[in-house]
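This report refers to the structure that appears directly beneath it.
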Amino acid sequence: MYVTLPRGWRKLAWAISLAVVALVGQPGWAEIKLPRLVSDHMVLQQKTEVRLWGWADPDEQLTVQFADRKASTKADPEGRWEVKICTSEAGGPYELTIAGKTSYITLRNILVGEVWVCSGQSNMAWSVAASLNSQQEIASANYPKIRLFTVARKVSEKPLEDCEGAWVECSPQMVSGFSAVAYFFGRHLHQELGVPVGLINSSWGATPAESWTSRQALESEPSLKPLLEQWDKMIADWPKLDPQYLRRYQYKLKTWQESQAQPGAKKIPPPPLPDRSANSSHRPANLYNAMIAPLTRYTIRGAIWYQGESNVTRAWQYRTLFPLLIRDWRQAWGQGDFPFGFVLLAPFDYKRDVNFTDVPPTWCSELREAQLLTLKKVPNVGMACLMDLDEITDIHPRNKQEVGRRLALWALGALYGRPIVYTGPIYESMAVEGDKIRIRFTGVGSGLVSRDGQPLREFTIAGQDQIFHPATAVIEGNTVVVSSPKVPRPVAVRFAWRDAAVVNLANQEGLPAAPFRTDSWKLETEDRLLNEEPY
């Protein structure tokens with residue numbers, strides 16, 4: 001809220017300003033301006049030093065008051081300023097005042113609690129209104145201490161200083177279009193921790209990970225050079241593209257033509273030409289510049305991420321790209337290795353989607369393996385496994401409540417010190433025992449079980465010929481013993497190694513086992529490094 005000077009002072013200030021305009025042709029001062037993230041209803045991260053920033057006159061002296069804390073600063077020659085304020089334990093509401101030479105701003109209804117950035121593609125963007133039991137969920141979403149901020153979708157060739165959006169209190173009127181995964185994650189944290197929660201949703205459907213990574217970071221990785229060069233060429237050639245970049249579009253166009261030729265077919269417009277211009281949301285760094293860079297001065301607790309479908313055709317490359325994105329964000333925020341949770345891609349029959357008709361069923365497994373390798377190699381990273389969700393006909397599983405809950409379990413157990421089991425079984429090691437292979441896991445919790453009481457599914461086994469056969473798998477203590485009469489001398493096991501695998505191996509806490517392979521044989525996407533028109 002902008003507050004003016006008392007009436008007598010206003011008259012004097014106005015007279016002075018008119019005199020200055022007459023002399024130099026412009027007003028004598030500028031209003032203090034703030035980024036949209038720093039506003040009424042925001043949540044500040046508790047028990048830390050938070051950054052507040054904005055714009056004012058060059059070299060203007062400013063004083064920032066929050067609760068019982070005060071800080072002073074001076075705008076730089078370009079008018080930018082920043083202060084740091086220490087926050088106490090969760091609480092509020094508070095007011096924050098920023099005072100300059102001739103004007104000041106008061107922000108109201110501010111809370112102190114836990115702040116999370118929530119990003120990714122369509123499964124993160126998926127709204128509460130489109131999820132399971134949406135009417136009930138919306139009607140009960142009366143949580144004034146949960147605050148929601150949705151970053152408007154925008155692209156930019158250069159990093160921006162501000163984004164579009166506004167903090168709002170969580171209510172039935174405001175939650176409907178908000179990210180379902182983010183909301184259910186934040187709601188679970190709020191209910192369990194009893195503190196305010198701020199959720200910043202920055203997501204865009206059908207976008208690849210490279211769009212959310214800075215150009216500087218992408219250029220630092222030699223193996224990503226072909227991808228950047230390909231995009232530079234596509235932009236230079238736009239809109240006349242080489243046919244190799246339009247293969248999937250041509251298939252979709254053919255499918256549309258065939259459907260329109262059917263008797264009584266409802267007339268629909270043809271599929272749009274995929275945007276490969278400089279303004280494409282798929283272009284490397286475009287979304288980082290417009291939708292992540294403006295957030296990086298805002299102090300957060302961590303980030304959650306649901307993305308990967310658009311990188312399935314280049315799953316091997318994701319082994320490099322995903323860890324790079326995490327490092328890139330952490331460096332930009334300057335908060336060290338802040339917690340980063342992600343969602344392992346859910347079971348889905350990719351052949352059902354017109355955008356993936358040429359994708360073999362194992363490529364999604366290769367993408368999941370890239371995600372799991374990131375979990376094991378990058379510090380302070382957590383995972384929500386969805387391999388038991390039986391919604392294989394929809395790339396957007398509606399049960400976003402369980403997705404949010406499992407991400408929150410990781411946060412509660414790994415970060416907030418709750419004594420809970422927050423991960424399902426994850427492959428640890430194997431041992432050949434005659435004609436069988438014994439598999440050991442971490443994350444067994446209170447013990448391994450078949451969650452539906454049926455024989456374990458989705459295990460295959462192979463010998464030196466590298467041909468995998470369906471296998472029998474039996475739980476023995478905290479291990480699983482795998483065998484097949486067709487493989488008398490086994491050397492390798494794979495589990496859930498296909499896109500639509502729905503598993504029943506879990507721990508007693510009900511968390512499913514993650515896919516794995518024990519071999520290191522060459523994968524199908526190892527040589528696929530270029531962007532072949534991801535959907």
Side-chain angles (χ1 to χ4, degrees), residues 36-37 41-43 113-138 140-143 145-154 163-191 196-207 209 211-212 281 287 290-292 294-295 298 300-310 329 339-346 382 384 386 389 391 394-411:
R36 289 170 177 84
L37 272 172
H41 315 302
M42 67 179 171
V43 178
E114 294 296 296
V115 181
W116 286 82
V117 168
C118 314
S119 187
Q121 57 180 110
S122 54
N123 269 306
M124 182 61 80
W126 203 256
S127 69
V128 175
S131 302
L132 284 182
N133 305 318
S134 59
Q135 291 184 350
Q136 178 182 345
E137 295 290 7
I138 292 169
S140 63
N142 187 23
Y143 294 99
K145 290 189 177 181
I146 297 177
R147 303 295 170 80
L148 314 174
F149 188 103
T150 298
V151 179
R153 292 172 186 169
K154 189 175 182 179
C163 62
E164 297 176 16
W167 284 104
V168 297
E169 293 186 359
C170 180
S171 67
Q173 294 73 34
M174 294 298 180
V175 80
S176 176
F178 193 72
S179 162
V181 169
Y183 167 65
F184 294 126
F185 167 78
R187 183 180 71 178
H188 201 77
L189 291 186
H190 176 60
Q191 291 172 336
V197 175
L199 302 169
I200 303 170
N201 168 32
S202 183
S203 54
W204 193 328
T207 53
S211 298
W212 297 96
S281 61
L287 301 187
M291 298 178 65
I292 296 299
L295 314 180
Y298 200 81
I300 62 173
R301 182 67 171 92
I304 56 173
W305 173 257
Y306 195 161
Q307 191 276 338
E309 298 90 342
S310 285
W329 286 21
F340 192 103
F342 69 88
V343 179
L344 192 76
L345 290 190
L386 307 180
L389 294 190
E391 298 184 53
D394 195 339
I395 199 170
H396 304 113
R398 276 5 187 221
N399 189 359
K400 294 296 192 282
Q401 291 89 335
E402 188 61 14
V403 182
R405 187 186 77 88
R406 291 183 186 179
L407 284 167
L409 286 179
W410 157 71

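The shown structure was predicted, so the numbers you read here are calculated from the model rather than taken from an experiment. Along the sequence shown, residues are numbered consecutively beginning with 1.
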W329 and W305 aromatic ring geometry - parallel, tilted or perpendicular at 30°/60° bounds: perpendicular
Donor-acceptor under 3.5 Å (E114 side chain, L189 main chain): no
Y143 and its side-chain hydrogen bond (donor to acceptor under 3.5 Å, both in side chains) partner, picked from H190, Q191, E169: Q191
Flag, side chain of R153 to backbone of W204, donor-acceptor distance under 3.5 Å: no
Donor-acceptor side-chain pairing of N399 and E391 below 3.5 angstrom: no
Under 3.5 Å: donor-acceptor pair, side chain of R398, backbone of L132: no
Check: S119 side chain, S202 main-chain N or O, donor-acceptor pair, under 3.5 Å: yes
P397 vs N123 side-chain heavy atoms within contact, under 4.5 Å: yes
Straight-line distance of I200 CD1 to F149 CZ, nearest 0.5 Å: 7.0 Å
Whether W167 and Y298 hold their rings parallel, tilted or perpendicular, with breakpoints at 30° and 60°: tilted
Sidechain N-carboxylate O distance under 4.0 Å for E137, R187: yes
F178: which of L148, I138, I146 passes side-chain contact (heavy atoms from CB on, under 4.5 Å): L148
